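None of the values given here were measured: they were computed from a predicted structure. Below, all heavy atoms of this structure are taken into account, side chains as well, without hydrogens, waters or symmetry copies. When a residue number appears, it is its place in the shown sequence, counting from 1.
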Amino acid sequence: MKGYKDCIINVDLTRGIIEKENLNPEYIQKYMGGEGYGIALLWDDMPHDAAPLSPDNILSFNTGPMTGTPTPSASRTSVCFMSPLTNTIGASNVGGHLGAELKFAGYDTISFKGKSEKPVYLYIDNENVQLRDASKFWGMDTRETTDAIKEEIGKEFKVCCIGQSGEKLSSLACIFSDDCFAGRGGAGAVMGSKKLKAIAVHGTGKVEIADKDAFMTAYKDAYRQLRDEAYTWGPVHGYGTPSWVGGSHDCGILPTRNFLENQFDKIENVLPYQLWNNTDKYSVRRRTCYACQLGCHKYVVMGDKEVGEMEYETLAAYGPRCGVDDYESICMAGYYTTIYGFDTISGGGTISTIMEWYEKGIINKEHTDGLEMNFGNGPAMVEMTRKMGLREGCGDLYADGSYAAAKRIGGKAMDYVMAVKGMEISATDPRGASSMTIAFGTSERGACHMRPYAATVDAFGYVFPDLDINEPKDPFNDAEDKTWLKAVKEYFVVTNLVGICDFNVINVELKASTIAELYTSITGIEIDKLELLKTAERTIALERALNYERGFTRKDDRLPKRFMTEPAAGGPPKGRVADMETALDRFYEACSFDMKKAIPTPEKFEELGMADVAEQIYNLNY
């Protein structure tokens with residue numbers, strides 16, 4: 001079995017014991033790897049009622065069989081855990097070079113359980129794996145930690161770590177690596193709860209490929225498919241993901257002022273050329289993850305501040321969503337999320353909620369340490385971001401996100417929280433794309449734009465014959481058959497199983513059939529497109545089963561009421577609201593879900609080879 005390294009590192013942080021074992025072949029057969037492998041570990045090895053910040057929670061770093069191969073953008077690592085933000089499964093994906101280096105060192109997965117008595121980091125140098133004292137690094141920010149560890153053990157090591165947000169157990173905390181992040185769901189807080197400051201990896205091996213000739217044929221097809229997609233290889237290659245902001249505005253799906261609006265009246269000021277062309281103030285450099293040709297990372301330096309990556313979600317969250325139109329404030333907010341290590345989407349989403357609370361009189365200056373939190377106040381937004389990152393002053397109230405803050409504030413605060421299952425919705429207004437009504441509502445980890453980002457199909461009008469999408473879909477029709485959307489979701493999840501970047505698929509560039517050919521040539525395991533998608537369907541089913549055991553049902557697969565009661569203010573969807581119940585009915589039908597339990601029917605579980613899972617969860621009868 002090529003592609004895989006067939007070795008897991010199991011770390012018991014409570015006992016300080018490290019053990020190695022082979023991969024579970026049943027997991028590979030059913031779930032392939034990456035996120036699928038990590039979710040299977042949660043199902044089998046963790047008490048299903050484990051509190052997210054308890055020692056019982058498992059935190060695993062899972063590469064895929066393509067990670068570390070020359071496959072385009074084969075850099076990805078899926079971090080799996082139970083989320084302190086949502087209490088659902090947590091599955092967060094990170095690029096950079098960590099995953100490839102882990103494979104080069106000889107490992108597919110690292111799994112942590114328990115809790116250390118003192119701060120530690122995991123040292124991996126090929127076969128040499130140790131837990132080392134990290135007390136001297138505790139209290140450092142993400143960049144300081146990375147630099148200090150490399151100074152101690154060698155520049156050749158790849159490091160992932162947490163900053164102060166993770167140490168202080170913020171539910172928004174993420175994991176930093178190469179200025180990339182496992183960003184959503186609070187993985188950094190889980191890492192902090194275990195007193196695990198960092199992982200440092202160095203490897204000198206390689207990932208073997210079963211059939212090199214077949215791989216090169218599939219690789220050339222994949223490369224050509226990526227290069228032939230005009231938008232990906234044009235604006236995204238040039239400007240990175242900020243290139244989306246103008247199109248989102250034009251389509252009426254750009255969150256503005258906490259989703260009160262769906263177009264930004266100051267859009268010209270935040271178009272990416274304003275940043276790129278202002279060379280007196282900003283320097284923008286292209287950076288790439290392992291094996292990436294696209295180079296969507298645009299690394300911004302502003303004066304003496306290395307801001308880090310500026311991408312669409314950060315720009316949208318701290319720009320239009322907060323009513324802010326100056327790049328200096330947006331960059332500084334992004335800088336603080338980078339060094340303290342917390343999610344820009346939930347960070348900006350929380351602050352936009354604070355701004356609406358402030359303007360509606362739900363909170364006042366006593367809740368903001370005197371900051372005037374009006375929409376458009378960039379300096380106040382920056383200072384609130386800093387406070388949240390450090391849990392300083394009023395930042396402690398907001399450091400766990402808008403949903404947690406609303407529960408503490410009480411009154412009508414929850415009416416203005418734009419979150420699903422406790423996770424802030426990212427930068428697409430679902431009133432302008434029926435597919436995103438379902439994507440946000442039904443995502444197993446909370447409101448997530450990558451499960452799937454299907455606005456490409458219905459809002460932007462793409463077709464994709466490889467998934468039988470042969471004509472444009474209506475972005476305003478919640479009653480339309482959603483079989484196509486089921487396929488697109490599985491297609492996106494596949495990237496997390498095999499270990500490639502979802503920018504291979506976000507503009508439906510790389511065919512699912514080509515991914516199947518790549519997998520077969522790398523591993524020697526025969527698979528076709530339909531079975532590839534079925535591995536994703538099994539992973540989704542297991543995630544839903546675990547969430548169901550924790551009390552999640554149809555009632556939780558819903559958008560905030562704003563989207564069902566307040567019509568879109570402008571653009572193509574002007575006057576439209578989402579029909580949540582109809583959208584759920586159509587999607588559940590396409591997926592063969594129980595209409596109330598929001599999990600696959602027993603018959604569907606059996607079809608997927610998961611009858612044992614069905615037997616366990618259908619006895620709960622929520």
Side-chain angles (χ1 to χ4, degrees), residues 35 73 76 78 91-95 181 183-185 225-226 229 231-232 235-236 240-255 262 294 296 311-317 321 343-346 349 420 423-464 466-467 469 472-475 482 484-497 500-512 515 533 536 540 559 563 573 578 583 587:
E35 180 181 324
S73 304
R76 309 301 286 194
S78 287
S92 195
N93 200 273
V94 63
F181 295 89
R184 308 223 70 192
Q225 289 161 20
L226 292 168
E229 208 300 294
Y231 195 81
T232 299
V236 178
T241 59
S243 61
W244 261 291
V245 71
S248 293
H249 169 86
D250 292 342
C251 287
I253 59 174
L254 181 63
N262 57 318
L294 178 62
C296 76
E311 50 90 39
Y312 171 72
E313 290 293 343
T314 302
L315 169 58
R321 188 163 180 166
D343 176 21
T344 62
I345 299 173
S346 283
V420 177
M423 178 182 282
E424 286 73 15
I425 296 173
S426 49
T428 305
D429 191 316
R431 289 169 293 197
S434 174
S435 64
M436 300 309 293
T437 294
I438 295 168
F440 288 138
T442 65
S443 169
E444 288 71 32
R445 69 173 185 168
C448 173
H449 60 295
M450 301 311 297
R451 291 171 180 260
Y453 187 76
T456 303
V457 175
D458 62 354
F460 292 105
Y462 279 59
V463 296
F464 195 39
D466 194 57
L467 291 182
I469 302 171
K473 300 298 178 181
D474 185 349
K482 301 300 181 184
W484 71 270
L485 185 57
K486 172 181 180 289
V488 174
K489 179 170 183 172
E490 291 162 1
Y491 168 64
F492 269 71
V493 171
V494 160
T495 67
N496 298 340
L497 309 185
I500 61 175
C501 179
D502 45 31
F503 273 85
N504 286 324
V505 303
I506 196 166
N507 289 327
V508 291
E509 306 99 328
L510 186 57
K511 294 179 181 178
I515 298 175
L533 295 174
I540 294 165
L559 297 174
F563 300 105
F587 188 65

J.: Do Ser434 and Lys473 have a side chain donor and acceptor closer than 3.5 Å?
T.: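 No pair is found: no donor N or O on one side chain lies under 3.5 Å from an acceptor on the other.
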J.: Nearest 0.5 Å, what's the CD-CG distance between Gln225 and Asn507?
T.: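 It comes to 13.5 Å.
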J.: Heavy atoms only: give me the nearest Pro573-Gly252 pair and the separation to one decimal.
T.: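 Between these two residues, the closest heavy atoms are CG-O, 3.5 Å.
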J.: A side-chain contact here means heavy atoms from C-beta on lying under 4.5 Å apart; do Met450 and Asn496 qualify?
T.: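 With C-beta onward as the side chain, the pair stays apart.
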J.: Taking all atoms of both residues into account, what is the closest heavy-atom pair of Tyr231 and Ser243, and its distance?
T.: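 Looking at all heavy atoms of both residues, the shortest contact is OH-O, 2.8 Å.
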J.: Quick one: closest heavy-atom pair of Ile253 and Ala433, and the distance?
T.: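 It is CG2-N, 4.4 Å.
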J.: Keeping Tyr453 on the side-chain end and Phe492 on the backbone end, is there a donor-acceptor pair under 3.5 Å?
T.: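 No: the side chain of Tyr453 does not pair with the backbone of Phe492.
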J.: As an exercise, state the distance from CD1 of Ile515 to CD1 of Ile500, rounded to the nearest 0.5 Å.
T.: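 So the CD1 of Ile515 and the CD1 of Ile500 are separated by 4.0 Å.
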J.: Which atoms form the tightest heavy-atom contact between Ser426 and Phe440, and what is the distance?
T.: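 Looks like OG-CE2, 3.3 Å.
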J.: Report yes if the side chains of Ile425 and Pro255 come closer than 4.5 Å at any heavy-atom pair, otherwise no.
T.: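 Ile425 does not reach Pro255 side chain to side chain.
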J.: Out of the candidates Ser346, Ser92, Ser443, only one should pair with Arg184 under the side chain to side chain donor-acceptor pair (under 3.5 Å) rule; please name it.
T.: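 Running side chain to side chain donor-acceptor pair (under 3.5 Å) over Ser346, Ser92, Ser443 with Arg184 returns exactly one hit, Ser346.
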J.: Measure the spacing between CD of Glu490 and CG of Leu485 and express it to the nearest 0.5 Å.
T.: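 The CG atom of Leu485 is 10.0 Å from CD of Glu490, to the nearest 0.5 Å.
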J.: Can you give me the closest heavy-atom contact between Ala454 and Met436, atom names plus distance?
T.: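 Closest pair (atom of Ala454, atom of Met436, distance): N-SD, 3.6 Å.
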J.: Hey, what do you get for CD (Glu313) to CG (Asp343), rounding to the nearest 0.5 Å?
T.: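 Here the rounded value is 9.0 Å.
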J.: Applying side-chain contact (heavy atoms from CB on, under 4.5 Å) to Val508 and Tyr491, what does each step give before you reach the verdict?
T.: CA-CA 9 Å; Val508 291; Tyr491 168 64; 4.2 Å; yes
J.: Can you check ring-ring contact (aromatic ring centres under 6.0 Å, His included) on Tyr462 and Trp484, steps first, answer last?
T.: CA-CA 12 Å; Tyr462 279 59; Trp484 71 270; over 10 Å; no
J.: Give a yes or no on whether the backbone of Leu254 and the side-chain of Ser248 come within a donor-acceptor separation of less than 3.5 Å.
T.: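 No.
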J.: Is the closest side-chain heavy-atom distance between Phe503 and Leu226 below 4.5 Å?
T.: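 Side chain of Phe503 against side chain of Leu226, heavy atoms only: no contact under 4.5 Å found.
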J.: Answer whether the closest heavy-atom distance between the side chains of Thr495 and Cys501 falls below 4.5 Å.
T.: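 No, too far: nothing below the 4.5 Å cut-off.
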J.: Between Glu444 and Lys489, is the salt bridge (Lys or Arg N to Asp or Glu O under 4.0 Å) condition met? List the steps.
T.: CA-CA 11 Å; Glu444 288 71 32; Lys489 179 170 183 172; 3.0 Å; yes
J.: Is any side-chain heavy atom of Phe460 less than 4.5 Å from a side-chain heavy atom of Cys251?
T.: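 When only atoms from C-beta onward are counted, Cys251 and Phe460 do touch, with a gap below 4.5 Å.
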J.: Decide yes or no for Leu533 and Lys486: does some side-chain heavy atom of the first lie under 4.5 Å from some side-chain heavy atom of the second?
T.: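 In short, these two side chains do not touch, never coming nearer than 4.5 Å.
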J.: Verify side-chain contact (heavy atoms from CB on, under 4.5 Å) between Asp502 and Asn93, making sure each step is shown before the conclusion.
T.: CA-CA 10 Å; Asp502 45 31; Asn93 200 273; 5.8 Å; no
J.: Could you give me the CA-CA distance, side-chain angles and deciding distance for Glu509 and Thr456, then say whether side-chain contact (heavy atoms from CB on, under 4.5 Å) is met?
T.: CA-CA 11 Å; Glu509 306 99 328; Thr456 303; over 6 Å; no
J.: Which atoms form the tightest heavy-atom contact between Leu294 and Thr232, and what is the distance?
T.: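 Smallest heavy-atom distance, with atoms named: CD1-O, 3.3 Å.
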J.: Can you tell me how far CD1 of Ile506 sits from CD of Glu229, rounded to the nearest 0.5 angstrom?
T.: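 With rounding to 0.5 Å, CD (Glu229) is 11.0 Å from CD1 (Ile506).
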J.: Just by distance, do the side chain of Asp466 and the backbone of Lys511 share a donor-acceptor pair under 3.5 Å?
T.: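 No.
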J.: Look up atom CG in Asn262 and atom OG1 in Thr428, then write down how far apart they are to the nearest 0.5 Å.
T.: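 Result: 11.5 Å between the selected atoms.
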